[in-house]
Asker: 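If you scroll down you'll find the structure; I have some questions about it.
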Amino acid sequence: MSPASWLRRLALHRHGGRGAPGSSGQAPHRSRAARRGQSSVADDCAAFLTGSLVRYRLDHGEGVAPWEWTNLLAHGSEAALRDELAAEHHQRPDAPERDDLATWQAARSYVVVELLDLAGTCGPLAELQRSLLVPLELELAGRPDTDGWRPNQWLAAVEAALGAQRLRARRRAPRSPDASETHHGGGR
């Protein structure tokens, strides 16, 4: 489900599925089913914001959109990312063109290793998430062409973003003095 769809769903549930409250300013009466729907939206939002959207979808027997595999990377804590590594393979998948759950999990676990490595060399995880991964997640969620993606296509998009960040970090890094400068510097 796209972020825009979530917002529409949330708006409908907030008003009992009947649109905005009347001019009296009173909230419409909510049925038990509507309250359960609100709980579902709240659970969806909590899963999204904590980076556990894929697990939530799988636990509820729902399909997982390709962009949703980015959710853990964009919102998960370092502990949640490390838990992913403990639970899954973290080598590049042998056949990332396959479209099955194990291949998606292996692809994401592989990227988690890359992300943690990048965070260790290029800056804090939270900053990478804010500046790189949340925008990537939103971009992928908004692109209709990603609906049929296989793990290899998702992996290529995420690796490209991480690679570009690595390159930017290298360009910003202070250059170490050249060996000839250290031997011949200032002592003339």
Side-chain angles (χ1 to χ4, degrees), residues 1-11 13 37-93 96 99-166 168-169:
M1 180 179 300
S2 74
S5 298
W6 278 8
L7 291 175
R8 282 192 298 278
R9 185 174 167 194
L10 179 62
H13 284 294
Q38 286 176 327
S39 176
S40 175
V41 171
D43 292 345
D44 283 355
C45 290
F48 180 84
L49 293 172
T50 60
S52 58
L53 187 57
V54 168
R55 176 61 33 220
Y56 178 81
R57 294 267 188 256
L58 295 174
D59 288 349
H60 287 84
E62 299 174 14
V64 178
W67 71 266
E68 292 174 329
W69 288 94
T70 314
N71 180 255
L72 174 67
L73 307 174
H75 303 281
S77 66
E78 185 172 345
L81 292 168
R82 293 200 183 282
D83 287 347
E84 170 81 2
L85 297 181
E88 304 295 340
H89 307 286
H90 48 273
Q91 297 178 353
R92 187 175 177 83
D99 190 19
D100 59 27
L101 181 59
T103 304
W104 277 106
Q105 289 171 326
R108 184 175 67 180
S109 294
Y110 173 77
V111 173
V112 166
V113 171
E114 296 296 309
L115 174 58
L116 292 173
D117 179 58
L118 186 63
T121 59
C122 297
L125 174 63
E127 175 60 24
L128 289 172
Q129 289 172 316
R130 185 191 62 72
S131 66
L132 178 70
L133 294 162
V134 168
L136 177 63
E137 178 186 39
L138 292 174
E139 176 192 338
L140 295 178
R143 288 177 49 186
D145 65 315
T146 64
D147 287 345
W149 273 14
R150 297 190 177 277
N152 61 325
Q153 294 164 296
W154 174 83
L155 190 58
V158 176
E159 284 184 313
L162 294 177
Q165 180 65 31
R166 225 183 269 291
R168 283 190 294 275

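Counting begins at 1 with the first residue of the sequence. Values reported hereafter were calculated over all heavy atoms of this structure, with side chains retained and with hydrogens, waters and symmetry mates removed. Keep in mind the model is a prediction, meaning the values are calculated, not measured.
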Asker: Side-chain contact, heavy-atom cut-off 4.5 Å: Y56 with E68?
Answerer: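 The answer is no; the side chains never approach within 4.5 Å.
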Asker: Within this structure, what is the CZ-CG distance for the pair R108 and L115, rounded to the nearest 0.5 Å?
Answerer: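 It comes to 12.0 Å.
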Asker: Which value, rounded to the nearest 0.5 Å, describes the distance between D44 atom CG and L53 atom CG?
Answerer: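 So the CG of D44 and the CG of L53 are separated by 7.5 Å.
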Asker: For T50, what residues pass the side-chain contact (heavy atoms from CB on, under 4.5 Å) criterion, not counting sequence neighbours?
Answerer: S52
Asker: Going by salt bridge (Lys or Arg N to Asp or Glu O under 4.0 Å), name the residues that satisfy it together with R143, two or more places apart in sequence or in a different chain.
Answerer: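 By the salt bridge (Lys or Arg N to Asp or Glu O under 4.0 Å) rule, R143 matches E139, D145.
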Asker: Working to the nearest 0.5 Å, report the span between CG of L162 and CG of L128.
Answerer: 8.0 Å
Asker: Looking only at heavy atoms, which two atoms of W104 and W149 are closest? And how far apart?
Answerer: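 Looking at all heavy atoms of both residues, the closest pair is CZ2-O, 3.4 Å.
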Asker: Out of V112, V54, V113, L116, which one pairs with E84 under the side-chain contact (heavy atoms from CB on, under 4.5 Å) rule?
Answerer: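 Looking at V112, V54, V113, L116, the match for E84 under the side-chain contact (heavy atoms from CB on, under 4.5 Å) is V112.
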Asker: So, does Q153 use its side chain to make a donor-acceptor pair with the main chain of R150 at under 3.5 Å?
Answerer: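 Yes, the answer is positive, given that a donor and an acceptor are paired below the 3.5 Å cut-off.
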Asker: So, taking the atom named CG in D147 and the one named CG in L140, what distance separates them when rounded to the nearest 0.5 Å?
Answerer: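 CG of L140 is found 11.0 Å from CG of D147.
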Asker: Kindly write out the residues that satisfy side-chain contact (heavy atoms from CB on, under 4.5 Å) with V134, not counting sequence neighbours, or none if the list is empty.
Answerer: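 Only A74, H75, L138 meet the side-chain contact (heavy atoms from CB on, under 4.5 Å) criterion with V134.
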Asker: Show me the pairs that pass salt bridge (charged side-chain N to carboxylate O under 4.0 Å, His left out) and involve residues 121-136, at least two apart or across chains.
Answerer: E127-R130
Asker: Under the rule for side-chain contact (heavy atoms from CB on, under 4.5 Å), what residues qualify as partners of A164, not counting sequence neighbours?
Answerer: R168
Asker: Quick one: CD on E137 to CG on L132, what's the gap to the nearest 0.5 Å?
Answerer: 11.5 Å
Asker: With heavy-atom distances below 4.5 Å as the criterion, would you say the side chains of L136 and L73 are in contact?
Answerer: no
Asker: Find out whether W69 and Q105 are in side-chain contact, i.e. whether some heavy atom of one side chain is under 4.5 Å from a heavy atom of the other.
Answerer: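 The answer is yes, as the side chains (C-beta and beyond) meet within the 4.5 Å cut-off.
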Asker: Is any side-chain heavy atom of Y110 closer than 4.5 Å to a side-chain heavy atom of L155?
Answerer: yes
Asker: Can T146 and W154 be said to form a side-chain hydrogen bond (donor to acceptor under 3.5 Å, both in side chains), step by step?
Answerer: CA-CA 8 Å; T146 64; W154 174 83; over 6 Å; no
Asker: Could you list the residues that satisfy side-chain contact (heavy atoms from CB on, under 4.5 Å) with A169, not counting sequence neighbours?
Answerer: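 C122, R172.
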Asker: Applying side chain to side chain donor-acceptor pair (under 3.5 Å), name anything that partners R166, two or more places apart in sequence or on another chain.
Answerer: E114, D117
